[in-house]
Amino acid sequence: MKTRRFSLLTAAATVLGLTGVIVPGAADSYAASGVALPIAHFSHLLVDAAHGHLFFSGGAGTDGILVTDLDGGDATTIGGEPGATGLALSDDGATVYAALPDQDAIAAISTDTLAETARYGTGADTRPDSLAVAGGTLWFGYGTAAGTGGIGSVDATGTVKTARDEGSWAGSPTLATTPTPSGALVAAVQTGDTSAFVTYRVSDGGALTRQAAQTEAIPDLTDFAITADGQDVAVASSRNVFANRLRFSDLAREGTFANALGAPALAVAPDGTLAGWDGRAYLAVPVSGSGFYGEHLIDDSLRPATHGLAWAPDESRLYAVSVDPAGGTPTLQLTRSPETAAVRIIGLDTEPLAPGEPLSFTAVFDSTLSLDAGDNGQLPGSVRITRYDDAHPDGVVVPDATRVPANPSATFGTYGIHDTAPLTGTLSYRVDYSGGGHYAPATRTFDVPLAKYKPTLTLSAPATGNRAAPLAVTGQLAWPHAHLTTGTVHVVKKDAAHPSGYTLPAVTPAADGSFTVHDTPQVGSTNTYTVTYDGGTAYLPVTSSANVQVSRATPALSVTTNAGAYRSGATAKVTAHLGTTYNSRTVTLYSQPAGKSRTQLKTGRVDSSGNLVATVKVTRNTTFTAVFAGDYRYAPRTATHGVTLTPAVTRTQLQWPLATTRIGATTYQVFYKSEVNMGYDLKVTPHQSTGCMSVYVERYTSGAWHQVTSQKCVPLYGDGWYGYGRALKLFADNGRYRLRGHYTPPSTGAQTGSVWSGWTYLTVRPGTP
């Protein structure tokens, strides 16, 4: 398949960043405007360079043969040639033969007068279509309405013979011969997915002798030819590109030519060069080697025409005909010097350049056409490299360009020079290739970028430092190669006192690029040093930053309340106390009741005693937090303090006492055993559903109270009540008793503290009242 090495090297130049100006001749493909031909359809093209004519037949539905000059202009028509198709030129160049299938005839036309001089009938229902002159005889392929075909001839006396081939044909065979007179002839016809080929030798007496016959898997046979040396058959196929070179003697495959030849047209020049199609482009291809001379595009709206390629006999021009998708609008396009390959020059450089730096400039040559083995990896011709800068605006030739032999990455070799970038201004190199052999001259100018570039800047700073103590930030500038000593290091420092930054004294880097920034920070917390090297006269600026955490003293901070526990709804006085600081005396107080989010109570400056006071009603256990955000010399600090909410035990009462009595100073509730049970109710406010109540009963004996029974941690009712009951028979007659309850909040998520109820006293008498 076709190799386009241009694309690879163009990508290389893009990566290397050189800008270049290239002359038009160095492009790898061409697109030119065609000449519209004044015929409705196209069939065949023939070049008569000796008389300055191009002949165009139009096939079925046309009535003449179009004739133009060699540029496609000055058109005229040879009338009375209805349905002309195949064209052939006699060996002496005096006669053009035109096949007239609708007339079962072949017309002979004078190349001097452009008038028909003879017409040869080929027999009823022969429909001659394809013509070739070989061995001094005009040969024609024909096909009958019955679907058979054959090969016929017209000799110098005008005698017409058919069935000259002893074999049979499934249709009208297409004929081809060498581009210059010879006795070689080839015929082929496509049937389904295969094509049958037969080669012949024509003797001086006009005898036709088969040489070889072969069937190939070519489903798109449209055109073929015999090479100029008569050794091979070149076949145009887009479906089987590996069968486009068949040996003439036995039709064995001999691989491919220098490039694959696509359908639908093919032409061979007298010197052996082939012309074929590749999609929407036609190209000239050498028989051996690899690559192609040039690629020539046709208009997007057109497509190649079958049999639409032809060479000038001296190979100075290549003609191509294209048509629209319906087969109309025939358009002629010609290429001058088709056997000259474009040369592309790629400039390779190493690093970005600073003024005064040494450099190596390398030019690489490439072409679509590979070098022949005898070229020893070197393009024929000469190369000259010229330097342009402010000191040499008209250019100065570099005398010592060094050629490096070809290698896999530079097929045509390279030319390199060692030089030095100017201190000021611009720099460019023009590479001129003289051309030679099949290679066109080429010129390209490369602008070598001297724009300043960034060196690498690395900073090193201590992670921490003490306030009011000296510290050093060191830096290192690095260049990928030799550099100029130029430029200054500028430093901007930011800290809590200077959030927008302020400038420290500038520093000049040493010759090796090292420098040191000295500072004694007066403000604690993060100190940021932003260092910028301005590049001086030769380089682009580069910036880097480093952070140092500068120490700060720890201030005294506390938070207290006027009590440790509060009843529900009570007001707590919260006091934050801040010790010595430098330039901030602001404290924020927060309150966070259990199970709720933290809220801000107050923010402000502490008073002359260092206090900030706030008040808040306590509804749950609460944590109070004091926050000092820090200042230039003192670090942030946080202090916390918690208080509890003491719930109330209300409506503690005994149920069903019948009387009261006083014993000493204490009032006792009087029960009789005939009442059976005693009840004791308590209510806790506020409470949590997962809190519990314990009840303790004590008896007074021997001058002291002693616990006689208890009920431990029983859940409260949903409304906060708890009821305790006990049979009166369990109490001693006339004994003195007392009860009290204890509320315990949940072990986790407690919103209040615990609480004891007061004592309730009772005595139990026997009998009934």
Side-chain angles (χ1 to χ4, degrees), residues 32-90 92-122 127-133 138 140 154 158 174 223 264-265 267 298-299 301-313 317-335:
S33 300
V35 177
L37 299 174
I39 52 176
H41 304 286
F42 171 79
S43 177
H44 284 74
L45 164 65
L46 184 142
V47 180
D48 177 16
H51 296 87
H53 291 146
L54 301 177
F55 292 84
F56 302 89
S57 61
T62 61
D63 189 48
I65 297 174
L66 175 67
V67 183
T68 71
D69 61 22
L70 294 178
D71 293 326
D74 195 19
T76 187
T77 301
I78 303 172
E81 308 296 341
T85 56
L87 301 174
L89 185 65
S90 63
D92 60 7
T95 304
V96 170
Y97 298 103
L100 305 175
D102 294 341
Q103 306 295 312
D104 293 330
I106 299 172
I109 299 168
S110 169
T111 55
D112 286 327
T113 65
L114 300 182
E116 184 176 316
T117 59
R119 183 170 291 196
Y120 307 104
T122 56
R127 301 185 60 78
D129 182 58
S130 180
L131 303 180
V133 175
L138 173 64
F140 61 91
V154 181
T174 300
D223 209 355
I298 61 174
D299 190 86
S301 63
L302 302 176
R303 60 180 179 81
T306 303
H307 308 298
L309 288 174
W311 286 91
R317 296 184 175 198
L318 175 61
Y319 295 92
V321 177
S322 53
V323 294
D324 62 27
T329 321
T331 301
L332 174 69
Q333 188 168 310
L334 68 90
T335 298

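Everything numeric in this text was worked out from a predicted model, so none of it was measured.
- Distance OG1/Thr335 to CH2/Trp311: 9.0 Å, rounded to 0.5 Å.
- In terms of heavy-atom proximity, Ile78 sits nearest to Phe55 at CD1-CE2, 4.1 Å.
- To the nearest 0.5 Å, atom CD of residue Gln333 and atom CG of residue Leu318 are 9.5 Å apart.
- Residues Ala84 and Ala98 come closest through the heavy atom pair CB-CB, 4.5 Å.
- Leu302 places a side-chain heavy atom less than 4.5 Å from the side chain of Asp324.
- Thr85 OG1 to Leu100 CG: the interatomic distance, rounded to the nearest 0.5 Å, is 7.5 Å.
- Asp299 has its side chain out of reach of Thr331: every pair of non-hydrogen atoms, C-beta onward, lies at least 4.5 Å apart.
- Partner of Leu45 under the side-chain contact (heavy atoms from CB on, under 4.5 Å) criterion, out of Leu87, Leu309, Val321: Val321 alone.
- Leu54 places a side-chain heavy atom less than 4.5 Å from the side chain of Leu70.
- To the nearest 0.5 Å, atoms CD1 (Ile65) and OG1 (Thr76) are separated by 11.5 Å.
- The two atoms that bring Val323 and Pro304 nearest to each other are CG2-O, 4.4 Å, heavy atoms only.
- Scanning both residues, Ala105 and Arg119, for their nearest heavy atoms gives CB-CG, 3.8 Å.
- The closest side-chain heavy-atom distance from Ser57 to Thr62 is not below 4.5 Å.
- Of all non-hydrogen atoms in Ser43 and Gly59, the two that sit nearest each other are CB-N, 3.6 Å.
- Legend: residues meeting salt bridge (Lys or Arg N to Asp or Glu O under 4.0 Å) with Arg317, ordered by chain and number and at least two apart, are Asp71.
- With values rounded to the nearest 0.5 angstrom, Thr174 atom OG1 is found 6.5 Å from Asp129 atom CG.
- A 4.5 Å side-chain heavy-atom check between His44 and Leu131 finds every atom pair outside the cut-off.
- Atom CG of residue Asp69 and atom CG of residue Asp74 lie 5.5 Å apart, to the nearest 0.5 angstrom.
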Could you pull out every donor-acceptor pair under 3.5 Å between side chains of residues 107-114 and any protein atom, sequence neighbours left out?
{"residue": "Ser110", "atom": "OG", "partner": "Asp112", "partner atom": "N", "Å": "3.1"}
{"residue": "Ser110", "atom": "OG", "partner": "Thr113", "partner atom": "N", "Å": "3.2"}
{"residue": "Ser110", "atom": "OG", "partner": "Thr113", "partner atom": "OG1", "Å": "3.3"}
{"residue": "Thr111", "atom": "OG1", "partner": "His51", "partner atom": "NE2", "Å": "3.4"}
{"residue": "Thr111", "atom": "OG1", "partner": "Gly93", "partner atom": "O", "Å": "2.9"}
{"residue": "Thr111", "atom": "OG1", "partner": "Ala94", "partner atom": "O", "Å": "3.0"}
{"residue": "Asp112", "atom": "OD1", "partner": "His51", "partner atom": "NE2", "Å": "2.9"}
{"residue": "Thr113", "atom": "OG1", "partner": "Ala115", "partner atom": "N", "Å": "3.3"}

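- Contact detail for Phe140 and Pro128: the closest heavy-atom pair is CD1-CB, 3.8 Å.
- A 4.5 Å side-chain heavy-atom check between Tyr319 and Leu332 finds at least one atom pair inside the cut-off.
- Within the structure, every pair that satisfies the side-chain hydrogen bond (donor to acceptor under 3.5 Å, both in side chains) test and touches residues 95-107, not counting sequence neighbours, is listed here: Asp102-Arg127.
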